[in-house]
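All values reported here derive from a predicted model rather than from experimental measurement. Because only heavy atoms are used, hydrogens play no part in the values below, and waters and symmetry mates are left out as well, while side chains stay in.
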Amino acid sequence: MKKNITINMYGALYAIDEDAYDLLNQYQSHMRRYFSHKDGGEEIAEDIERRVAELFAELKASGVEAITMEHVQDIIARIGNPEEMDGEDESLEESGKEEHKGNVRKKLFRNPDDKMLGGVASGMASYFGIDALWVRLLWILLTWFSGGIIVLVYLILLVIVPEACTPEDRLRMQGRPVNMKNLRDEIMQGARKAGKYATAPETRKGCLNRMFELFAVVLKGCLVIVVCGILLFCIAALFFVFIILGLYGLAGLMNLFIGSPMPGFLAGHDFQGHVWMVVFSFTVLVSTTLFIGIHTLMRMAGRVRSLTSWKRVALVVVWIASAIALVFSFVPERITQSTREHSLRARRELNVLESEGWKVLRHEHCDTYVKSGEYYIQGKGHLQYIDAWSRSPEMAYELERTVRVSPGTYRLEAAARTDGRGCEIFAISGNKERRAEVPAYGDEGGEIWQEVQKFLHQGAAPAGMDIMGIKAANKGKGYGWSRVAIDGIVVGTDSVVRYGVSNVRSGRWDGTWFSATDFDLERVTEK
């Protein structure tokens, strides 16, 4: 049960709730106090009070028996609250100077008087001086062609662009000089809009506008669902972080006082250094997102007012700073993990080479030792072959294998490929060194693939050559593989041959990669 009182405004009696009366009385007092020291201010305050009385008369004529808090709040929201006009004295003075110079400073605001979602489109239309209908149509087209990404831009604008709450804001949004004459007109126009809205909700006409309204309702529902999902995630994330920190703190205290061991799922974790940075920045980021989301929903529901400009800027700065801190807090760990993984991968590749008797002589400015996968023949699983890659012209990779054989003359053959000059297969016996350059076919073609094409055309192939397997492995490209051979390798009584592949012996390397495999040292004649 509410207590009603009767007030007299300009000779007419109105029934009004006690709470509504207190609000109205406070509003009128503030309005008179605000305009009391301005030129023509008393007349403006008098006009506003007279207009409020007219609105009450319209409400009474429409069947409203008692003026409620909601009626007064709506009228105040449409006219403007004097408490929101602090600092307008300086603005009016500056605006007078701007008007005198013919330079009116226009500012982007969200328009609360013509909004479908948050007033962003209508505010942009006022800023650029075009019809809001075309701006809304542009937003719809951008939403369609961007796959919904532009909605994120709208949400950012919804947070950082202030709402035109005061008459001064509405004048700046329209690019009109903020002087007493325009301020008075804008206040009275807001009062007239309040009267229309209080007596009968404003209706929009036109098929296109109705379509926009329907689209706005659907989009607003989707945004609410997305925002609610983000908020639920933030709440769950904060709950999880607090649970983990609580358990870690409790386990630490138990370990300190009674010597209880850490639980298994916490025993291997070190909550030091960058880990605390991750926790802190993540907590701030999630908390800021949670506050922005809740405040946005409450503002859309009309429960709270818009934040001031400096508060919005502070929130955005905190959010960006915490996001950057969170990203960079992972960098040292990622670098360490990447270095560790690279070291493990290099060790595995070296183990493959060592198991096959290879010795790495040089490996500089090079990313790999061996590579896994099918090369010029079809095999089961992943095959390992020597591989080097680097964009650096200083890449140096050389490895050799030492074998003991019977004296005689030998032939060394290998399969290799490269994309530049200077890669060679070499063989050393005694004091004599022989080298053969690897043909540079790049990643397509190659002599092996040319042979396969010839045999496929003839319908026959040498015994032991799986041309269909080579065709399947090369997928119609060839991948640049060729056979490279060195003849006339004479092995004496020392019975030692060293052979391998290198891109540094020639001194004219100009490629970026090379590969080699299937080295075969075959005796041709006995000594």
**Q** As an exercise, state the distance from OH of Y479 to OG of S515, rounded to the nearest 0.5 Å.
**A**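 Between Y479 OH and S515 OG, I get 12.5 Å after rounding to 0.5 Å.
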**Q** Check G420 against A440 and note the closest heavy-atom contact, atom names and distance.
**A**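 So the minimum-distance heavy-atom pair works out to O-CB, 3.6 Å.
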**Q** Closest approach of V120 and R110, non-hydrogen atoms and distance?
**A**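 Nearest heavy atoms, V120 then R110: CG2-CD, 3.7 Å.
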**Q** What distance do S126 atom OG and M173 atom CE have between them, rounded to the nearest 0.5 Å?
**A**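 The distance works out to 4.0 Å.
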**Q** Just wondering, do T512 and S390 contact through their side chains at under 4.5 Å, heavy atoms?
**A** no
**Q** Check L13 against K60 and note the closest heavy-atom contact, atom names and distance.
**A** O-NZ, 3.0 Å
**Q** I need the single residue from V286, I294, L285 that forms a side-chain contact (heavy atoms from CB on, under 4.5 Å) with C234. Which is it?
**A**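 Passing option: V286.
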**Q** For the atom pair CD (E394) and CD (E364), what is the distance rounded to the nearest 0.5 Å?
**A** 9.0 Å
**Q** Just wondering, are more than 12 heavy atoms of other shown residues or ligands nearer than 6.0 Å to OH in Y14?
**A**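 Enclosed.
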**Q** Say you draw a straight line from CG of D367 to CZ of R391; how long is it, rounded to the nearest 0.5 Å?
**A** 10.0 Å
**Q** Taking the side chain as every heavy atom from C-beta outward, state whether F514 and R417 have any atom pair closer than 4.5 Å.
**A** no
**Q** Do L24 and F56 make a side-chain contact, defined as non-hydrogen atoms from C-beta onward lying under 4.5 Å apart?
**A** yes
**Q** With side-chain contact (heavy atoms from CB on, under 4.5 Å) as the test, would you mind laying out the steps for V153 and W139 before giving the verdict?
**A** CA-CA 10 Å; V153 178; W139 274 105; 4.3 Å; yes
**Q** Parallel under 30°, tilted from 30 to 60°, perpendicular over 60°: which one fits the rings of H363 and Y397?
**A** perpendicular
**Q** Determine the minimum heavy-atom distance between Y369 and A346, stating which atoms define it.
**A**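 Heavy atoms only, the tightest pair is CE1-CB, 3.9 Å.
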**Q** Closest heavy-atom contact between T368 and W389?
**A** OG1-N, 3.7 Å
**Q** Check whether any side-chain heavy atom of D387 lies under 4.5 Å from a side-chain heavy atom of V370, and answer yes or no.
**A** no
**Q** Is there a donor-acceptor pair closer than 3.5 Å between any side-chain N or O of H295 and the backbone N or O of I292?
**A** no
**Q** Return the CG to OG1 distance between L315 and T289, rounded to the nearest 0.5 Å.
**A**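 These two atoms lie 10.0 Å from each other.
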**Q** For Y441, is there any backbone N or O sitting under 3.5 Å from a side-chain donor or acceptor partner on D419?
**A** no
**Q** Heavy-atom distance under 4.5 Å between the side chains of S122 and R136, does that happen here?
**A**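 Side chain of S122 against side chain of R136, heavy atoms only: contact under 4.5 Å found.
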**Q** Identify the two heavy atoms, one from D131 and one from A125, that lie closest to each other, and give their separation to 0.1 Å.
**A** C-CB, 3.9 Å
**Q** With no hydrogens and no angle check, is any side-chain donor or acceptor of S62 less than 3.5 Å from a backbone partner on L59?
**A**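 Judged by distance alone, yes, a pair lies under 3.5 Å.
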**Q** About how many Å separate CZ of R50 and CE of M9, when rounded to the nearest 0.5 Å?
**A** 10.5 Å
**Q** Without swapping roles, check the side chain of T418 against the backbone of W513 for a donor-acceptor pair under 3.5 Å.
**A**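 A pair under 3.5 Å: yes.
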**Q** Compare all side-chain heavy atoms of I67 with those of D17 and state whether any distance is below 4.5 angstrom.
**A**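 No. Closest side-chain heavy atoms not under 4.5 Å.
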**Q** Please check this pair: side chain of W509 against backbone of G511, looking for a donor-acceptor N/O pair closer than 3.5 Å.
**A**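 Yes; at least one donor-acceptor contact below 3.5 Å.
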**Q** Could you check if a side-chain atom of Y154 sits within less than 4.5 angstrom of a side-chain atom of I150, using non-hydrogen atoms only?
**A** no
